[in-house]
Engineer: 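Mind looking over this structure? Questions follow.
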Amino acid sequence: MAREFDAVFIGAGHNALAAAVHLASRGWSVGVFERNEAPGGACRTEEVTLPGFRHDLYATNLGLFAGSGFFRDHGDALARHGLAFVPTDDCFASPAPDGSWFGVSRDIEKTVARATALSPADAARWRQMVADFAGDAPHLFALLGAPMGRRRLAALGWKAWRAKGTSGLLELGRLLTSSPREFLQRNFEAPLIQAALGAWGMHLDFAPDVAGGALFPYLEGMVDQTMGMVIGKGGADTIIKAMVARIEELGGSVVTGAEVSAIRRRSGRADGIVLADGSEVAARRAVIAGVTPGALVDRLLASSAGSGDDGFDRGARTFRHGPGTMMVHLALSGLPDWTAGAELQRFLYVHLAPDLDGMAQAYAEAMAGLLPRRPLLVVGQQTAVDPSRAPAGRHTLWVQVRVVPGTIRGDAAGRIEARDWAQAGAAYADRVIDIIEDYAPGTRAKILGRHVETPADLERRNPNLVGGDGIGGSHHLSQNFLFRPMPGWARYRTPVDGLYLIGASTWPGGGLGAGSGYLLAQDLAGR
């Protein structure tokens with residue numbers, strides 16, 4: 001294996017792999033070094049319950065990847081290496097304990113009919129919102145796909161003002177700063193419609209009353225309504241396997257089981273890495289780290305006492321991680337029999353949280369260190385869309401528990417005494433199954449196998465998931481846009497010449513959109 005590359009990557013998460021693909025396609029030699037035995041970071045698919053049941057361990061929704069600029073440029077090449085998507089028109093649904101429900105399907109008449117049953121006024125508002133989205137989408141996606149620079153942001157603002165006028169620009173600004181509750185109660189009166197959309201805020205650390213949280217529920221609702229959702233054929237790792245194959249096709253290397261212990265610096269410049277076995281790899285042009293800001297400063301730059309910039313180091317050490325996540329994976333003999341009706345078995349996502357108040361309470365409990373009495377459950381029914389993930393007639397269930405504390409101080413329900421996830425995990429997973437039983441009685445009897453990953457397990461398997469934070473750090477306004485990962489450092493640079501930082505901790509944040517890797521690679525390669 002070559003011991004010198006143009007660009008050396010620390011970590012093989014999807015952002016690093018995307019950057020490596022783009023740079024390699026522009027003639028750079030690239031080497032990617034990953035501590036785990038498999039690449040992918042938080043995008044992994046494994047048979048963790050029973051043979052033949054393929055579970056997306058963490059991330060599952062590939063909509064951001066399929067709609068990304070990176071996929072636009074490299075999708076054809078990745079398809080030659082097996083990348084394949086499975087679309088779904090029935091995207092997400094939220095049932096209530098009384099059996100009512102609301103769900104978004106790509107067929108707008110289906111969505112509107114469900115809304116009408118809850119509120120005719122909301123149905124009319126939904127139809128109008130979808131029509132208006134065509135005018136908002138170009139500006140919002142341009143913002144989310146742009147590097148965070150003052151000139152670029154000014155240009156985007158000018159273009160939006162020219163297209164939408166002052167009132168339209170102010171409405172976009174209002175959207176970007178609103179909490180989910182403010183936005184949803186301005187637009188809808190039915191609590192169940194508010195809950196169905198508000199659940200998406202909880203995916204990104206936005207409880208109903210957190211400012212700046214309205215954007216994701218709005219975008220997810222409108223994008224799913226107009227375009228549907230996609231997952232990976234056979235598993236989310238289809239994107240990882242295809243990117244690794246493409247890197248190797250272009251002459252690059254992806255090395256697993258290779259932990260990086262330090263970044264090498266000479267004459268003030270990062271010019272390579274030191275592996276845990278003491279060997280070194282040189283980087284002629286760039287060292288690109290896909291780690292958290294704290295890990296960059298306190299682990300990889302520890303031998304040189306940080307970056308040399310006190311402000312940067314202080315910001316990295318105080319970078320705010322989001323609350324924890326717990327994953328419960330089930331192998332089932334059949335899909336849940338939802339009390340709200342068999343139609344829910346067709347949906348990729350079923351959110352179990354019937355109102356905004358319940359989400360706010362669960363979030364507050366988790367942030368206080370308590371195991372929530374009734375957390376939001378994000379139930380993924382991937383085999384309803386992609387039967388190839390399980391043996392014939394069998395199913396997987398992907399349950400993301402949002403949110404839980406990384407460190408347990410107590411139990412809001414007063415039933416679990418353990419304060420360590422190693423002891424509390426199984427009991428809390430039982431609570432999760434109990435909640436599912438409330439909405440789909442008989443699910444427990446269908447369980448053939450169960451695999452639980454607590455916040456402690458998530459961090460052990462991937463140190464970037466600090467305290468089980470699956471989104472790469474809080475996305476609250478003080479740590480987003482120009483402030484991500486910290487003010488003054490939103491363009492992937494660091495105080496060390498030749499050293500760059502990418503990943504979910506950097507703009508544009510969590511999700512499988514390959515945003516930070518692709519934006520940096522474009523910059524380094526001159527597009």
Engineer: Return yes if some donor-acceptor pair links the side-chain N/O of Glu34 with the main-chain N/O of Ala12 below 3.5 Å, else return no.
Structural biologist: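 Yes.
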Engineer: Counting distance only, does the side-chain N/O of Arg484 pair as donor-acceptor with the main-chain N or O of Ala504 below 3.5 Å?
Structural biologist: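 Present.
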Engineer: Okay, side chain of Arg54, backbone of Gly235: is any donor-acceptor separation there less than 3.5 Å?
Structural biologist: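 No.
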Engineer: Are Trp507 and Phe481 an aromatic pair by the rule of ring centers under 6.0 Å?
Structural biologist: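 Ring centres of Phe481 and Trp507 closer than 6.0 Å.
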Engineer: Any chance you could measure Thr454, atom OG1, to Met327, atom CE, to the nearest 0.5 Å?
Structural biologist: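 It comes to 12.0 Å.
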Engineer: Should Ile273 and Ile10 count as side-chain neighbours, where that means a heavy-atom distance under 4.5 Å?
Structural biologist: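 The answer is yes; the side chains approach within 4.5 Å.
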Engineer: Determine yes or no for a side-chain-to-main-chain donor-acceptor pair under 3.5 angstrom, with Ser474 supplying the side chain and Gly322 the backbone.
Structural biologist: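 Checking the backbone N and O of Gly322 against the side chain of Ser474, no donor-acceptor pair under 3.5 Å is found.
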Engineer: State whether the side chain of Arg264 and the backbone N or O of Ala283 hold a donor-acceptor pair below 3.5 Å, judged by distance alone.
Structural biologist: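 Flag not set: sc Arg264 to bb Ala283 has no pair under 3.5 Å.
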Engineer: Just checking, any donor-acceptor pair under 3.5 angstrom between side chains of Thr325 and Arg402?
Structural biologist: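 Arg402 and Thr325 do have a side-chain donor-acceptor pair below 3.5 Å.
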Engineer: Report the C-alpha separation of Arg285 and Leu23 in whole Å, then their side-chain angles, then the decisive distance to 0.1 Å, and conclude whether the side chain to side chain contact (heavy atoms under 4.5 Å, CB included) test is met.
Structural biologist: CA-CA 11 Å; Arg285 303 170 76 172; Leu23 290 176; over 6 Å; no
Engineer: Tell me whether the count of non-hydrogen atoms from other residues, nucleotides or ligands lying under 6.0 Å of CG in Asp76 goes above 12.
Structural biologist: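 Count not over threshold, so no.
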Engineer: Side chain to side chain contact (heavy atoms under 4.5 Å, CB included) between Leu332 and Leu448: does it pass, once the steps are laid out?
Structural biologist: CA-CA 5 Å; Leu332 298 179; Leu448 305 174; 5.8 Å; no
Engineer: Is any NZ, NE, NH1 or NH2 atom of the basic residue among Arg374 and Asp438 found under 4.0 Å from an Asp or Glu carboxylate oxygen of the other?
Structural biologist: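 Counted as a salt bridge, because a side-chain N and a carboxylate O are separated by less than 4.0 Å.
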Engineer: Could you give me the CA-CA distance, side-chain angles and deciding distance for Arg317 and Asp298, then say whether salt bridge (charged side-chain N to carboxylate O under 4.0 Å, His left out) is met?
Structural biologist: CA-CA 8 Å; Arg317 291 179 177 125; Asp298 287 334; 2.7 Å; yes
Engineer: Without hydrogens or angle criteria, can the side chains of Asp73 and Tyr518 be said to hold a donor-acceptor pair below 3.5 Å?
Structural biologist: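 Yes.
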Engineer: Please find out if less than 6.0 Å separates the ring center of Phe347 from that of Trp101.
Structural biologist: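 Phe347 vs Trp101: aromatic centres under 6.0 Å.
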Engineer: Give the ring-plane orientation class for Phe133 versus Phe141, where under 30° counts as parallel, over 60° as perpendicular and anything between as tilted.
Structural biologist: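 Plane angle over 60°, so perpendicular.
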Engineer: Could you grab the distance from atom CZ of Phe9 to atom CD1 of Ile247, nearest 0.5 Å is fine?
Structural biologist: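 Answer rounded to 0.5 Å: 7.5 Å.
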Engineer: Asp90 vs Asp107, test: side chain to side chain contact (heavy atoms under 4.5 Å, CB included). Steps then yes/no.
Structural biologist: CA-CA 8 Å; Asp90 296 308; Asp107 183 341; over 6 Å; no
Engineer: Kindly indicate, with the supporting measurements, whether the criterion ring pair (Phe, Tyr, Trp, His ring centres under 6.0 Å) is fulfilled by Trp28 and Phe5.
Structural biologist: CA-CA 8 Å; Trp28 288 44; Phe5 301 90; over 10 Å; no
Engineer: If you measure only the distance, is there a donor-acceptor pair under 3.5 Å linking the side chains of His55 and Thr45?
Structural biologist: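 Result is no, nothing qualifies.
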Engineer: Using only heavy-atom distances, determine whether the side chains of Arg284 and Ser29 contain a donor-acceptor pair under 3.5 Å.
Structural biologist: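 Distance-only check passes for Arg284 and Ser29.
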Engineer: Looking only at non-hydrogen atoms, find the nearest pair between Pro95 and Tyr439 and report the distance.
Structural biologist: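 Distance-wise, the nearest heavy atoms are O-CE2, 3.6 Å.
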Engineer: Can you name the closest pair of heavy atoms from Pro391 and Gly52 and give their distance?
Structural biologist: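 Taking every non-hydrogen atom into account, CD-O, 3.4 Å.
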Engineer: Is any side-chain heavy atom of Thr292 closer than 4.5 Å to a side-chain heavy atom of His321?
Structural biologist: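 The answer is yes, as the side chains (C-beta and beyond) meet within the 4.5 Å cut-off.
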Engineer: Just wondering, are more than 12 heavy atoms of other shown residues or ligands nearer than 6.0 Å to CE in Met227?
Structural biologist: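 Check fails, neighbour count at 12 or below.
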Engineer: With a 3.5 Å distance limit and no angle check, can you tell me whether Gln400 reaches the backbone of Met326 through a side-chain donor-acceptor pair?
Structural biologist: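 Judged by distance alone, no pair lies under 3.5 Å.
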Engineer: Out of curiosity, Arg491 CZ to Leu482 CG, how far, rounded to the nearest 0.5 Å?
Structural biologist: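 CG of Leu482 is found 10.0 Å from CZ of Arg491.
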Engineer: May I ask you to test the Val260-Val281 pair for a side-chain heavy-atom distance under 4.5 Å?
Structural biologist: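 Sidechains of Val281 and Val260: no contact.
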Engineer: Evaluate the criterion side chain to side chain contact (heavy atoms under 4.5 Å, CB included) for residue pair Gln382 and Leu348; output intermediate values, then yes/no.
Structural biologist: CA-CA 6 Å; Gln382 287 87 349; Leu348 179 59; 4.2 Å; yes
Engineer: Using every non-hydrogen atom in the two residues, find where Gly503 and Asn15 come nearest and quote the distance to one decimal.
Structural biologist: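 For Gly503 versus Asn15, the nearest heavy atoms are CA-ND2, 3.9 Å.
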Engineer: Could you tell me whether Phe206 and His476 have their ring centroids closer than 6.0 angstrom?
Structural biologist: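 When the ring centroids of Phe206 and His476 are compared, they turn out to be within the sub-6.0 Å range.
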Engineer: If you define the side chain from C-beta out and look only at heavy atoms, does anything of Asn61 sit under 4.5 Å from Ile231?
Structural biologist: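 They are not in side-chain contact.
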Engineer: Are any of the side-chain heavy atoms of Phe33 and Val8 separated by less than 4.5 Å?
Structural biologist: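 They are in side-chain contact.
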Engineer: Roughly how far apart are Leu215 CG and His475 NE2, rounded to 0.5 Å?
Structural biologist: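 The NE2 atom of His475 is 11.0 Å from CG of Leu215, to the nearest 0.5 Å.
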Engineer: Taking Ala59's backbone N and O only, do any of them form a donor-acceptor pair with Trp398's side chain (distance below 3.5 Å, no angle check)?
Structural biologist: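 No.
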Engineer: I want to check something: taking the side chain as every heavy atom from C-beta on, are Leu335 and Gln381 in contact at a cut-off of under 4.5 Å?
Structural biologist: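 Side-chain contact under 4.5 Å: yes.
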Engineer: Please check if any side-chain donor atom of Ser279 sits under 3.5 Å from a side-chain acceptor atom of Arg3, or the reverse.
Structural biologist: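 Side-chain D/A pair, Ser279 to Arg3: present.
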Engineer: Would you mind reporting whether Leu296 and Leu301 have side-chain heavy atoms less than 4.5 Å apart?
Structural biologist: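 In short, these two side chains touch, coming nearer than 4.5 Å.
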Engineer: Measure the acute angle between the ring planes of Tyr349 and His351, then classify it against the limits of 30° and 60° as parallel, tilted or perpendicular.
Structural biologist: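 The arrangement is parallel - the two ring planes meet at less than 30°.
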Engineer: Can you tell me if Trp421 uses its side chain to pair, donor with acceptor, with the backbone of Ile408 under 3.5 Å?
Structural biologist: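 Flag not set: sc Trp421 to bb Ile408 has no pair under 3.5 Å.
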Engineer: I'd like to know if the side chain of Asn462 and the backbone of Asn464 have a donor-acceptor N/O pair within less than 3.5 Å.
Structural biologist: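 Checking the backbone N and O of Asn464 against the side chain of Asn462, a donor-acceptor pair under 3.5 Å is found.
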Engineer: At their closest point, which heavy atom of Val404 faces which heavy atom of Tyr428, and how far apart are they?
Structural biologist: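 Nearest heavy atoms, Val404 then Tyr428: CG1-CE2, 3.7 Å.
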Engineer: Could you measure the distance from the CG atom of Leu330 to the NE2 atom of His451? Nearest 0.5 Å is fine.
Structural biologist: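 The CG atom of Leu330 sits 11.0 Å away from the NE2 atom of His451.
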Engineer: Ignoring hydrogens, what is the shortest heavy-atom contact between Asp386 and Gly232? Give both atom names and the distance.
Structural biologist: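 Heavy-atom minimum between the residues: OD2-O, 3.5 Å.
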Engineer: Please assess Thr396 against His329 for the test side chain to side chain donor-acceptor pair (under 3.5 Å), listing each intermediate value before the final yes or no.
Structural biologist: CA-CA 7 Å; Thr396 64; His329 297 288; over 6 Å; no
Engineer: Do Val130 and Ile108 touch side chain to side chain, with heavy atoms closer than 4.5 Å?
Structural biologist: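 In contact.
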Engineer: Could you tell me how the ring of Phe71 sits relative to the ring of Phe65: parallel (under 30°), tilted (30 to 60°) or perpendicular (over 60°)?
Structural biologist: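 Phe71 vs Phe65 ring planes: tilted.
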Engineer: What do you reckon, are the aromatic ring centroids of His22 and His74 less than 6.0 Å apart?
Structural biologist: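 Under 6.0 Å, so yes.
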Engineer: Return each pair, listed once, that meets salt bridge (charged side-chain N to carboxylate O under 4.0 Å, His left out) where at least one residue sits in residues 444-458; pairs must be two or more places apart or across chains.
Structural biologist: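 Non-adjacent pairs meeting salt bridge (charged side-chain N to carboxylate O under 4.0 Å, His left out): Asp337-Lys446, Asp430-Arg450, Asp434-Arg444, Glu453-Arg461, Asp457-Arg460.
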Engineer: Can Asp56 and Arg44 be counted as an ion pair, charged N to O under 4.0 angstrom?
Structural biologist: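 Judged by the 4.0 Å cut-off on N to carboxylate O distance, Asp56 and Arg44 do not form a salt bridge.
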Engineer: For Ala440, does its backbone N or O pair with a side-chain atom of Thr443 as donor and acceptor, under 3.5 Å?
Structural biologist: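 Pair found, side chain donor or acceptor close to backbone of Ala440.
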Engineer: Which atoms form the tightest heavy-atom contact between Tyr58 and Ala42, and what is the distance?
Structural biologist: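 That closest heavy-atom pairing would be CB-O, 3.1 Å.
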Engineer: Would you compute the distance between atom CG of Leu499 and atom CG of Leu300 and round it to the nearest 0.5 angstrom?
Structural biologist: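 Here the interatomic distance stands at 8.5 Å.
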Engineer: Between the side chains of Asp89 and Arg346, is the shortest nitrogen-to-carboxylate-oxygen separation below 4.0 Å, so that they form an ion pair?
Structural biologist: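 No.
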